[in-house]
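For this chain, numbers begin at 1 and follow the sequence in order.
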Amino acid sequence: YNRGIYFKDGYTYRQFADGLYRRGTGSDEWELLFENPMNYGPGLTCYGDRLYFTGYQEEADVQGSGWNNTVFYYDLDTGEQGALLPVESLVGVLSVYKDCLYVQNFAVDGGYQFYDGYRLDRDGNILEKLDHEGEDFICREQKEYGLAEY
């Protein structure tokens with residue numbers, strides 16, 4: 001339920017409709033860290049010192065949907081930020097598990113959900129896309145179920 005909120009080192013990070021914000025413990029003021037529109041904010045997760053979150057990039061929108069179509073990052077140490085992964089579907093929940101970023105996607109031509117996985121290097125950059133058929137792809141059964149349901 002609270003996937004759009006992340007706590008780390010005395011700060012609360014949260015997605016609002018216009019970007020990524022943080023607030024220190026005991027403060028009532030939200031500080032804008034990354035300005036970017038997002039229509040749905042369940043994707044906030046962390047790997048090392050990098051926050052990953054979903055958002056919208058008009059130039060990457062192949063469907064004309066105005067919905068989250070990109071995974072962005074924000075480095076908590078350096079303030080470096082940018083687009084990590086533009087996709088050709090609608091992006092939902094993000095999760096990190098065992099050095100891999102898992103991205104929930106929704107197919108535009110039917111709305112079924114599927115997952116992609118990406119192995120991350122120690123800095124949080126994508127090394128490779130995971131094989132959907134591999135036994136180590138933890139979302140394999142969910143992806144098969146989504147396709148069968150569709």
Side-chain angles (χ1 to χ4, degrees), residues 1-23 30 32-57 60-63 65-150:
Y1 179 77
N2 290 324
R3 288 183 183 253
I5 300 173
Y6 197 84
F7 300 98
K8 185 171 175 136
D9 298 332
Y11 286 98
T12 301
Y13 297 89
R14 182 168 178 198
Q15 292 178 270
F16 288 104
D18 63 339
L20 177 68
Y21 287 78
R22 80 173 170 191
R23 180 171 74 182
W30 288 99
L32 178 63
L33 299 175
F34 186 89
E35 186 174 5
N36 196 75
M38 51 192 75
N39 292 324
Y40 182 57
L44 188 59
T45 192
C46 191
Y47 176 73
D49 290 321
R50 269 198 176 180
L51 288 175
Y52 299 104
F53 53 99
T54 59
Y56 176 70
Q57 255 192 117
D61 187 4
V62 295
Q63 300 90 8
S65 63
W67 197 254
N68 293 344
N69 60 10
T70 304
V71 176
F72 292 95
Y73 71 90
Y74 181 85
D75 190 294
L76 298 173
D77 273 349
T78 66
E80 180 185 354
Q81 55 190 303
L84 178 74
L85 182 68
V87 297
E88 294 185 8
S89 59
L90 309 178
V91 182
V93 174
L94 305 177
S95 299
V96 173
Y97 181 73
K98 291 189 176 181
D99 300 331
C100 294
L101 173 67
Y102 292 92
V103 179
Q104 178 191 41
N105 299 285
F106 294 91
V108 177
D109 64 344
Y112 68 93
Q113 69 179 9
F114 63 97
Y115 291 84
D116 286 321
Y118 303 89
R119 190 166 322 284
L120 301 171
D121 67 15
R122 69 172 28 153
D123 294 325
N125 296 307
I126 293 174
L127 284 174
E128 65 181 344
K129 187 173 182 178
L130 300 176
D131 177 11
H132 294 163
E133 304 298 322
E135 291 294 322
D136 60 340
F137 183 64
I138 64 169
C139 299
R140 184 174 53 87
E141 289 182 7
Q142 177 62 42
K143 183 172 182 170
E144 291 171 0
Y145 175 79
L147 286 172
E149 183 180 46
Y150 173 68

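Panel note: side chain Tyr118, backbone Val103; no donor-acceptor pair is recorded below 3.5 Å. Under the 3.5 Å distance criterion, the side-chain polar atoms of Asp123 are left unmatched by any main-chain donor or acceptor of Asn125. Under the 3.5 Å distance criterion, the side-chain polar atoms of Arg22 are left unmatched by any main-chain donor or acceptor of Tyr11.
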Exercise. Could you go step by step and tell me if Tyr47 and Asp99 meet the side chain to side chain contact (heavy atoms under 4.5 Å, CB included) rule?
Worked result: CA-CA 8 Å; Tyr47 176 73; Asp99 300 331; 3.0 Å; yes
For this session: Apply side chain to side chain contact (heavy atoms under 4.5 Å, CB included) to the pair Leu20 and Gln81, showing each step before the final yes or no.
Result: CA-CA 11 Å; Leu20 177 68; Gln81 55 190 303; over 6 Å; no
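Considering every non-hydrogen atom in both Gln15 and Leu44, the closest pair reads OE1-N, 3.4 Å. Closest approach of Cys100 and Arg119 over heavy atoms only: SG-NH1, 3.4 Å. Here the closest non-hydrogen pair linking Thr78 and Asp75 is N-OD1, 2.9 Å. Counting all heavy atoms, side chain and backbone alike, Tyr73 lies closest to Phe53 at C-CE2, 3.9 Å. The nearest pair of heavy atoms linking Gly48 to Lys8 is O-NZ, 2.8 Å.
You'll find the ring centres of Tyr74 and Phe34 outside the 6.0 Å limit.
In this structure, CG in Asp9 is found 8.5 Å from CG in Asp77, a value given to the nearest 0.5 Å. A distance of 11.0 Å separates OH in Tyr21 from CZ in Arg14, rounded to the nearest 0.5 Å. Between the CZ atom in Arg50 and the OG1 atom in Thr45 there is a gap of 13.5 Å [rounded to 0.5 Å]. The CG atom of Leu84 sits 9.5 Å away from atom CG of Leu94, with the distance rounded to the nearest 0.5 Å. Note: Arg122 CZ to Leu127 CG = 11.0 Å, rounded to the nearest 0.5 Å.
Ile138 is not listed as a side-chain neighbour of Tyr115, based on a closest heavy-atom distance of 4.5 Å or more. Looking at Ile5 and Thr12, their side chains come closer than 4.5 Å, going by heavy atoms from C-beta outward. For the pair Leu51/Leu76, a side-chain contact is recorded, criterion being any heavy-atom separation below 4.5 Å from C-beta on. With contacts defined as side-chain heavy-atom distances shorter than 4.5 Å, the pair Leu85/Asp116 does not qualify. The closest side-chain heavy-atom distance from Thr70 to Thr54 is not below 4.5 Å.
Open room surrounds CD on Glu35; 12 or fewer heavy atoms of other groups in view lie less than 6.0 Å from it.
Ring pair Trp30/Phe16 is perpendicular by interplanar angle, where above 60° counts as perpendicular and below 30° as parallel.
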